[in-house]
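Note on naming: letters A, B, ... go to the chains in the order of the sequence lines (proteins, then strands), and numbering restarts at 1 for each one. The figures here come from the full heavy-atom set of this structure, side chains too, leaving out hydrogens, waters and symmetry mates.
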Amino acid sequence: MLRTHTCGEASASLAGKEVTLCGWVHRRRDHGQLTFIDLRDRYGLTQVVAHEKENAAAHAALGDARNEWVLRVRGTVRARPEGTKNPRLATGEVEVVATEVTVLNASKTPPFYVNEETEVDENLRWKYRYVDLRRERSKDLMRLRHEVVAYIRRHLIERGFWEIETPTLIRSDPTGARDFIVPSRYYPGRFWALPQSPQQYKQILMVGGLDKYFQIAHCYRDEDPRADRVYEHTQLDLEMSFVDREDVMATLEGLYTEIFRMFARKPLAKTPVPRMTYEEAIRRFGIDRPDLRFAIELVDLTDALRSTGFNAFRSVIDSGGAVRGLVVPGKADATRKDIDGWQALAKTKGAKGLVSFAFAGTEVRSPVAKFFTPGEIAAIRAATKAGDGDLALAVADTYHTASVSLGVVRERLGPELGLADTAKHYALWITDFPLVERTPEGGWTFSHNPFCAPLTEQDIALLDTDPEKAKSKQYDFVIDGKEIFGGSVRIYQRAVQERVFAQLGVSKEDAATRFGALLDALEYGAPPSGGVGAGVDRLCMTLAGTENIREVQSFPKTQTGYDPLLDAPAAVDAKLLDELGLRVVAQPEKRA
RNA sequence: GGUCCCGUGGUGCAGCGGCCUAGCAUACGUCCCUGUCAAGGACGAGAUCGCCGGUUCGAAUCCGGUCGGGACCGCCA
């Protein structure tokens, strides 16, 4: 070892001892005959001092050193003179008097500050990630992620889970997100896909009798990145046999409440974690991952407006739809622009429009006020509990569309109006999801994944009569309005699986092509099983309170999927293309 | 595929038709300095304002395009 101690260890108990430290120059303070350097490594910061008259060589070396040079310092730990201790530094009681200073490596002037917490352009940060990682915030996020993952492993292994890796070159499947594909050399014209999740493998491991499995798995999807989703992310993938959903939920709640207790900056508002059915979540919040940090709820105005003269509402009600309402506290003074913004949001979820009622004193201001009787206005105000100075919003549509349209508006209000309780994390379970849902084209699709088990025998029967009402054994875990993980108990009988495929319009041949291995496995003694896929990046974001997924990843790509560090993607050798039987048709774009 | 925001010395920002010969902080360089810890002091170097084109007597500033970054919609569990 080049060092005897780290820069975080210096303390009064080492006083008088000779130590050797290695690290980066964090900051230099040159007083002429007396020079200080803060030497930094992953563990901390130690002040190194040299005096010209006591050790001219060491003093000169410290004086020549610059920020981010890598030094090896031999010296003696001593208690700092009275009055010069630094209580803001963990090692501030002591300093190292340098006797020998070796420059292991000089450094160019860094492209941005390591010793200051200023915002830096992301392109620069990722290009010089090796410099950025030395910054305290980046280092702390890497540490957090390491500790969380280490804890997950320890927790699950102690409870009998085996960590098993599954392949990352798999079969492409056209459903879901676009796959990343990898050409095959032995089979020219065929391609591997990178997994979007280890879904089929995990179930097959259960058929293999391995009982309890988990993996910290890399997952890939080739869809346009956003602040909270990128090409590659890491998932805690977990599956267990001979369980029903209560068992999986108990296992995961145990793990996650412990993770939040150990690593979160603020406590969970309630444990055990409250539960809510999907139906209740839509009814009260218009979304399947409600943000419970603020209390506003949707209300139903259908009955109150059954005979209204406002035709846009009346016709919807007459044809079996609903009018749903929402109060926006204190926003009776909302501008046209505010309301247009909310309306545009509501329209993204299918609303035809958004009607507002501003209550000021006994007055009501609304573009459609003249269509409502005073009784109806009063009923709207009573139902939404709009007080003086509040605004009420209403949408008429099918019950579901009206609800989710207001749901996205509600979701926006938390941050926009600063309503959210930021002192706690609000976790909850959502259960009893629909098994299938309508596609915009009028067909059917699974709402979670194709292997998700129906909740009861009745729900299987409902597929024949009223598919939309069929519930599943899916469960989601939501914190502060974000899905932290989701999972389900699986179908383990081929007949049931085929019944679900039939509903989705997946032919037997199609199913055999896409999921043949798993379907075959179901015929060789598949146990009941259930599990989850849990985003590790998102978990770390929530724990750290950042909205930027790239910050919790070691080497992130930009929003256009470019890696500024490695300058990737890149062209490949023509010979390699030949071997793969590929010809590039698109013009390769030049990159600055 | 689309919408919006940003691009000014190494970094972070200001300037938003002429007062800009582009300002501030910090970093950087040289010198001074024996107790600092965002050390202090003096001096200095460093940008043709992302790029291309246009409007104008005059453009960092206005307009169009383009490239790069970010946020979002589409897409996506």
- Item | A:F112 ring over B:rU11 six-membered base ring, under 5.5 Å and 30° | no

- Worked verdict on A:R145 versus A:D537 for salt bridge (charged side-chain N to carboxylate O under 4.0 Å, His left out): CA-CA 8 Å; A:R145 183 164 177 154; A:D537 312 71; 3.0 Å; yes

- Is A:Y113 side chain donor-acceptor paired with the B:rG10 base, going by distance under 3.5 Å alone? yes

- Query: Checking all strands, does A:T46 fall into the base, sugar-phosphate, or nothing category for heavy-atom contacts under 4.0 angstrom?
  - Reply: nothing

- Message: I want to check one thing: is the phosphate of B:rG69, taken as OP1 and OP2, less than 4.0 Å away from some side-chain N or O of A:T558?
- Response: yes

- Item | Along RNA chain B (nearest heavy atom to each residue), the more 5'-positioned of A:R78 and A:E483 | A:R78

- Query: Checking all strands, does A:R289 fall into the base, sugar-phosphate, or nothing category for heavy-atom contacts under 4.0 angstrom?
  - Reply: nothing

- Message: Whole angstroms only, please: what is the CZ-P distance between A:R27 and B:rU26?
- Response: 12 Å

- Query: What's the CZ-P distance between A:R28 and B:rC28, to the nearest Å?
  - Reply: 8 Å

- Task: Check each of A:E551, A:E119, A:E117 against A:R137 using the salt bridge (charged side-chain N to carboxylate O under 4.0 Å, His left out) test, and report the only one that passes.
- Result: A:E551

- Looking at A:R66, does any N or O in its side chain come under 4.0 Å of the phosphate oxygens OP1/OP2 on B:rA27? no

- Heavy atoms of A:R129 and A:Q553 approach each other most closely as NH2-O, 2.5 Å

- Checking all strands, does A:Q33 fall into the base, sugar-phosphate, or nothing category for heavy-atom contacts under 4.0 angstrom? base

- Task: Name the pairing partner of B:rU34, where a pair is Watson-Crick or G-U wobble with both distances under 3.5 Å, or state none.
- Result: none

- Task: Once you apply the 3.5 Å cut-off to both distances, tell me the Watson-Crick or G-U wobble partner of B:rU3, or none.
- Result: B:rA71

- Item | Distance below 4.0 Å between A:N67 side-chain N/O and B:rC28 OP1 or OP2 | yes

- Task: Tell me what A:P81 touches on the nucleic acid: a base, only sugar-phosphate, or nothing, going by heavy atoms under 4.0 Å.
- Result: base

- Which whole number of Å gives the distance between the C1' atom of B:rU26 and that of B:rA38? 10 Å

- Is the ring of A:H31 stacked on the base of B:rA39, with centres less than 5.5 Å apart and planes under 30° off? yes

- Item | Geometric class of the A:H400/A:Y278 ring pair [parallel <30°, tilted 30-60°, perpendicular >60°] | parallel

- Whole angstrom value for the distance that separates P of B:rC76 from NE2 of A:H448: 17 Å

- Query: B:rC5 P sits how many Å from A:N123 CG, rounded?
  - Reply: 21 Å

